[in-house]
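In what follows, a structure is listed as structure tokens, so that the remarks can point back to it.
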Number of protein chains: 2
Amino acid sequence: MDVDTRLLRYFAAVAEEGHLTRAAQRLYVSQPALTKQIRQLEAQLGVQLFTRSRSGMALTEPGRALAAGVPGLLAGWDEVLRDTRGAAARAERVLRVGFLASAANELTPRIIAAFTRRRPGWRVDMRQGSWSEPTAGLRDGDVDVALLRLPFPGQEELRVEVLLTEPRCVVLPSSHPLAARDEIAFQELWDEPVVAPVPETGQWRDYWLGTEERVGHPARIGAVTENPDEWLTAVANGYGIALAPESAARFYPRPGITYRPLTGISPSQVGVVRPAAAEADPVVRDFVSSCRECVTGEEP
Amino acid sequence: MDVDTRLLRYFAAVAEEGHLTRAAQRLYVSQPALTKQIRQLEAQLGVQLFTRSRSGMALTEPGRALAAGVPGLLAGWDEVLRDTRGAAARAERVLRVGFLASAANELTPRIIAAFTRRRPGWRVDMRQGSWSEPTAGLRDGDVDVALLRLPFPGQEELRVEVLLTEPRCVVLPSSHPLAARDEIAFQELWDEPVVAPVPETGQWRDYWLGTEERVGHPARIGAVTENPDEWLTAVANGYGIALAPESAARFYPRPGITYRPLTGISPSQVGVVRPAAAEADPVVRDFVSSCRECVTGEEP
DNA sequence: CACATCCATGCCGCCAGGTTATGAACGCAG
DNA sequence: CTGCGTTCATAACCTGGCGGCATGGATGTG
């Protein structure tokens, strides 16, 4: 018997949530669509998977059996998918490099140039991840190596090598009173609402909220954003201020946005990150070497 | 990314066959349909899986990666499916009993009655398997226990208990010269074409061709059939003769068909069969006990 | 008793998969 | 060289299924 993995995901969602309605909104489909799908799954299997009631959908015994197996199947499929895509990238001589916002700043093109010198015929694919995925796809095998700002969650199980350090500054709406100042102390911003990344980013979020430097004074969240564009727009619209690396002033200038130097806050670091397993991959090693080469002296 | 397992089966077939056209006929779909599906799979993955040429479809490197993973996924799904159906059967108090043709003859209803006495509230589901599946679904987990004629392929890894033994006879078209005889020696039939089961049945097929008793004189196959109906029809139409258990004369009488006693051939045995793992299942044990009870004396 | 919250149903538009028929490229035999 | 058979690709068409909206029915709650 054949099924679509989508149908399995539907089933898993309903099994987890215990409610058609809630599962439906989590899956971004209408509730009737889910009703139909689940009923069809039951019909195809010839098995009743749920007992319906006013208070939701409860798994039956065979439903539990299916629910026990489905996550493993989906994980297996995702893994095969990644392996296939990885093989395709290698076969096409593509190195997939993940990053979140500005990657390694002005260093980035130099790194790519150095890598291309080492590996003629290879191409570098720069892939910007969303902030809800703090490793830019590295943990899921969607990229081979990543340029990330530290710290980020899951950092411990990955190989990290710091490339550069730069001060953090503050992003203000140009209309903000402090925007006129030449330099600002972080403490002056403690009561300002902050435009923050999504909660999944864990310590990365804390870092950009300046939690450590607030010594217990909690940050007030003014808006939650998924990527640099949303983030700048939110600041420009006055939802709050934000911390940023100094280079953001060069990479993300924008009308209505003002960057100002900040004191009383630690600098930001950018590192090159790869899974421990990739240590054996000569192409990844070459990329890391290229990063090192661009950092250590030999400036143009 | 989502896929239908059907699509994965398509891919696996093409990968194995190396030809779109051949895979298409193996899958019973048209070649254009396969073309479209495979191209769509490639498009969804963003990966070229095959290199096309006049002489077929050859896997690319990423194609090989996918081909390596897909069989495991499909096997995993089939297993989850079986577990779910098995759980459903247990939950509904259904014991699924497989058989191929006549099961345990007149004993069958008595066995079911005895089982129902031991397990009130349980229902027995008798499932006739096709001859291309010699264990009637036992090996695939489609049934919990089976009533089968011995020997059959794969017998060694299953628990078998002989229930009854009965002579084998011959099935002839009524118009056959030998149909007039009261008793026939097997040797007289050596040159007759035989209506045989499909080749997958292995030693089961050999047994019903009488290979052992032919001492090297090979059987001539007159027709290949999948189930009792096809088999009797083939005999009635004169495609050949066939061996059968004596009870077939009672269970499968049919105009144009004559059963005659046979000498010079070993008798047939029926056994109750279950996987070693089912030894722990009290319901299966009760069924086996019921079989034993009906065999040992205590006739009505 | 009205209301909120479940899931189920009916209707409709659209897309994806299948089929048949046909085309294009190539190898092979006469 | 030419016709035939093989391969995969393309085009036109039909249908079934999926998803969306609106609504209904059952059940507990203020």
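Convention: sequence-line order gives letters A, B, ...; per-chain numbering from 1. In this text, all values refer to a predicted model and were calculated from it rather than measured experimentally.
Here the P atom of nucleotide C/dG17 and the CG atom of B/Leu34 are 12 Å apart, to the nearest Å. To the nearest angstrom, P of D/dC18 lies 15 Å from CG of A/Leu27. What separates NE2 of B/His19 from C1' of C/dG27 is a distance of 14 Å, to the nearest Å. Atom pair B/Asp4:CG and C/dC15:C1' shows a separation of 15 Å (rounding to whole Å applied). Atom CG of B/Leu20 and atom C1' of C/dG23 are 16 Å apart (whole Å). One interatomic measurement links the two molecules: CG of B/Leu7 to C1' of C/dG18, which rounds to 14 Å at whole-angstrom precision. For B/Leu8 and C/dG17, the CG to P distance is 13 Å, given to the nearest whole Å. One atom, CD of A/Gln25, and another, P of C/dC6, lie 9 Å apart when rounded to the nearest Å.
Applying the 3.5 Å distance criterion, the base of D/dG17 shares no donor-acceptor pair with the side chain of A/Lys36. The base of C/dA16 is not paired with the side chain of B/Gln40 by any donor and acceptor separated by under 3.5 Å.
Using a 4.0 Å cut-off, some side-chain N or O of B/Thr35 falls inside it from OP1 or OP2 of D/dA9. For B/Tyr28, no side-chain nitrogen or oxygen approaches OP1 or OP2 of C/dT19 to under 4.0 Å. Listed pair B/Arg6 / C/dG18 meets the phosphate criterion, a side-chain N or O lying under 4.0 Å from OP1 or OP2. The side chain of A/Gln37 places no N or O atom within less than 4.0 Å of a non-bridging phosphate oxygen (OP1 or OP2) of D/dG17. Contact annotation: A/Arg22 reaches the phosphate of C/dC6 (side-chain N/O to OP1 or OP2, under 4.0 Å).
Within the 4.0 angstrom heavy-atom criterion, no nucleotide atom of any strand lies near A/Phe50. Residue contacts for A/Ala33: at a heavy-atom cut-off of 4.0 Å it reaches the sugar-phosphate backbone alone, with no base atom in range.
For B/Gln44 and A/Pro32, each mapped to the nucleotide of DNA chain C holding its nearest heavy atom, the one lying further toward the 5' end belongs to A/Pro32. Residue order along DNA chain D, read from the 5' end via each residue's closest nucleotide, puts B/Arg52 first among B/Arg52 and A/Ser30.
A 4.5 Å side-chain heavy-atom check between B/Val80 and A/Leu73 finds at least one atom pair inside the cut-off. Contact annotation: the side chain of A/Val47 approaches that of A/Leu49 to within less than 4.5 Å [non-hydrogen atoms, C-beta and beyond].
Taking CG of A/Leu20 as the start and CZ of A/Phe50 as the end, the distance is 7.5 Å to the nearest 0.5 Å.
Both the sub-6.0 Å distance and the 45° axial angle are satisfied by A/Arg6 relative to the ring of A/Tyr10.
Nearest approach of B/Leu209 to B/Ala196, heavy atoms of both residues: CD2-CB, 3.8 Å.
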